[in-house]
Every structure is written in structure tokens, then in C-alpha cells.
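Notes follow the structure.
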Amino acid sequence: MNIGFALCGSFCTYSKVFAAMEAVASIHTVTPIFSNAAYTIDSRFGTAAEHIASATEICGRAPLHTIPDVEPIGPKGLLDALIIAPCTGNTLAKLAHSIADGPVTMAAKSHLRNGRPMVLAVSTNDALSGAAENIGRLLNRRHYYFVPFGQDDPIQKPTSMVADFHQLLPTLELALTGQQIQPLIV
């Protein structure tokens, strides 16, 4: 199967995200897609160039990173599923309100026109506050599937939740059959 794997800017999750990308790429053909932040920002978790190199090595192709790069995904039916991992609060809000203003959200819009699965691996500090409404909206939409997620630090960050990236591949496999993995909250 042809799987898109889009990365957004929750850099602290990248070591787990790249491990999940490797697991998916061991079974499927993977096309990496980078948000503007993922493609350009250096952080204490690595440089943009390092992240681009990792994705290129894992997937055997350079990441798509512009709106013109990703727009053909839908019209040409290029993907069987699209993963967004990590899916930040910003990206959740844009998806929930049908905003396609960057490579990841445009890839999602383009992909969804074909009625194929969209797998979201949440990583946001406000999942139990501001982003909760957007998570709820997307849980009620067809073709959206969530990687199980839970609080990552309930004492220091009581509204923060992060996907269990070890469950990304099983979530994808079930999503390809139209099923949501359970339990959703871990």
C-alpha cells in the first residue's frame, strides 16, 4: 500500500515518530510529507536538515514540503492512507475547520476527497482544553482514525496528551479496514 506520512512541529516526539515511520515503511511504501515548521525549524531535538535526512533514508525518497508538491495526492489517488504524526493542536484546529494553508493540511484535504483513511497521532499540550473541541469534531467525521493517546505528564502538564506511537502501525492497519483501534484513550 502507498502511505503518506506527514510530520508537524511537535519536535519532542520525533524520535518516537521516526521509529513508527520505520515500522510503517517496513511493510508499506511511504511518502514523507513535512509541514513548513518541520521542514525549516531547528530545535533542541535536532535540525531540520537532520529530520529531512532521516525521513529520506527511512522512506527512500525526499519529503514533499510545498502545497504544489502535495496537491496532486487526491486527484491522482496517490495514497491509500495518510498519517499525520505528530498531529499538533494547530493542525487539529485546521483540520477541524477545513483550513488547507500548508503542505500537511493541503495533503489532508486532497487525500480526503477520495474517502480514504486519515490517521492522526495527537501531540498537543492543550488536548484537554482548547484542542478538545477539535479532537471531538474529528472523532465524529468519517475517514478519521486516531492513534490511542493519553496524558504524558498529568502533574506538570495536566491538559497535555500524546499518542502512543507504538500503536501507530496497528491503528493504520485497522483504519485501512475502516475500523478505529480501541481503546482510544490510554
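Position 1 is the first residue of the sequence, and the numbers go up from there. We use all heavy atoms of the structure for the numbers below, so side chains are in, but hydrogens, waters and symmetry mates are not.
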Listed pairs under 3.5 Å, donor-acceptor, residues 68-84 side chains, sequence neighbours left out:
| unit_1 | atom_1 | unit_2 | atom_2 | d |
| --- | --- | --- | --- | --- |
| D69 | OD1 | T66 | OG1 | 3.2 |
| D69 | OD2 | H65 | N | 3.0 |
| D69 | OD2 | T66 | N | 3.3 |
| D69 | OD2 | T66 | OG1 | 3.2 |
| D80 | OD2 | N2 | N | 2.7 |

Around atom CD of Q180, are there more than 12 heavy atoms from other residues, nucleotides or ligands closer than 6.0 Å?
yes
Taking the side chain as everything from C-beta on, heavy atoms only, tell me whether P103 gets closer than 4.5 Å to L64.
no
Distance col, row C59:SG vs I33:CD1, nearest 0.5 angstrom, shows 10.0 Å
Shortest non-hydrogen separation from A23 to L169 and the atoms involved:
O-CD2, 3.9 Å
Roughly how far, to the nearest 0.5 Å, is NZ of K157 from CG of L128?
12.0 Å
Should V147 and F165 count as side-chain neighbours, where that means a heavy-atom distance under 4.5 Å?
no
Cluster overlap F146 with V17, hydrophobic side-chain contacts below 4.5 Å:
no
Non-neighbouring partners of L112 that pass side chain to side chain contact (heavy atoms under 4.5 Å, CB included), sequence neighbours left out
M118, H143, Y144
Side-chain (T40) to main-chain (N36) donor-acceptor, under 3.5 angstrom:
yes
Apply side chain to side chain contact (heavy atoms under 4.5 Å, CB included) to L176 and E173, showing your working.
CA-CA 5 Å; L176 287 165; E173 298 302 330; 4.1 Å; yes
Which residue, Y14, F45, F34, forms the ring-ring contact (aromatic ring centres under 6.0 Å, His included) with H51?
Y14
Non-neighbouring partners of T171 that pass side-chain hydrogen bond (donor to acceptor under 3.5 Å, both in side chains), sequence neighbours left out:
none
Between P32 and T56, is any pair of side-chain heavy atoms under 4.5 Å apart?
no
Is there a side chain to side chain contact (heavy atoms under 4.5 Å, CB included) between V30 and I58? Walk through the geometry before answering.
CA-CA 9 Å; V30 176; I58 292 167; over 6 Å; no
So, do S35 and L7 sit near enough that their side-chain heavy atoms are less than 4.5 Å apart?
no
Smallest heavy-atom separation, K109 atom then A100 atom, equals CD-CB, 3.8 Å
Any L92 side-chain heavy atom under 4.5 Å of R137 side chain
no
With a 4.5 Å cut-off on side-chain heavy-atom distances among I, L, V, M, F, W and Y, is there a chain of contacts connecting M106 to Y39?
no
Apply the test side chain to side chain contact (heavy atoms under 4.5 Å, CB included) to residues L174 and Y145: give CA-CA distance (whole Å), side-chain angles for both, the deciding distance (0.1 Å), then the verdict.
CA-CA 9 Å; L174 278 175; Y145 302 89; over 6 Å; no
Atom OG1 of T47 and atom CD of E50: how far apart are they, to the nearest 0.5 Å?
3.5 Å
Can you tell me how far OG of S26 sits from CE of M21, rounded to the nearest 0.5 angstrom?
12.5 Å
Single-linkage hydrophobic cluster I185~I181, side-chain heavy atoms < 4.5 angstrom
no
Kindly compute the distance separating CG (N125) from OG (S10), expressed to the nearest 0.5 Å.
7.5 Å
Are the side chain of T88 and the backbone N or O of T124 linked by a donor-acceptor pair below 3.5 Å?
no
Pairwise distance CZ(R141) to CG(L95) - rounded to 0.5 angstrom
8.0 Å
Shortest non-hydrogen separation from S123 to P86 and the atoms involved
CB-CB, 3.8 Å
H28 (side chain) donor-acceptor with V24 (main chain) under 3.5 angstrom
no
Could you tell me whether K94 atom NZ has more than 12 heavy atoms of other residues or ligands within 6.0 Å of it?
yes
Is any side-chain heavy atom of I3 closer than 4.5 Å to a side-chain heavy atom of V119?
no
Locate the shortest heavy-atom distance separating C8 from A38; write the atom from each residue and the value.
O-CB, 4.2 Å
With clusters defined by side-chain heavy atoms of hydrophobic residues (ILVMFWY) lying less than 4.5 Å apart, directly or transitively, does L172 cluster with L139?
no
Hey, quick one: are L168 and V122 part of the same hydrophobic cluster, counting side-chain heavy atoms closer than 4.5 Å, chains of contacts allowed?
no
Do D164 and Q167 meet the criterion of a side-chain donor-acceptor pair at a distance under 3.5 Å?
yes
Apply the test side chain to side chain contact (heavy atoms under 4.5 Å, CB included) to residues T31 and F5: give CA-CA distance (whole Å), side-chain angles for both, the deciding distance (0.1 Å), then the verdict.
CA-CA 6 Å; T31 299; F5 199 117; over 6 Å; no
Looking only at heavy atoms, which two atoms of G89 and D126 are closest? And how far apart?
CA-OD1, 4.5 Å
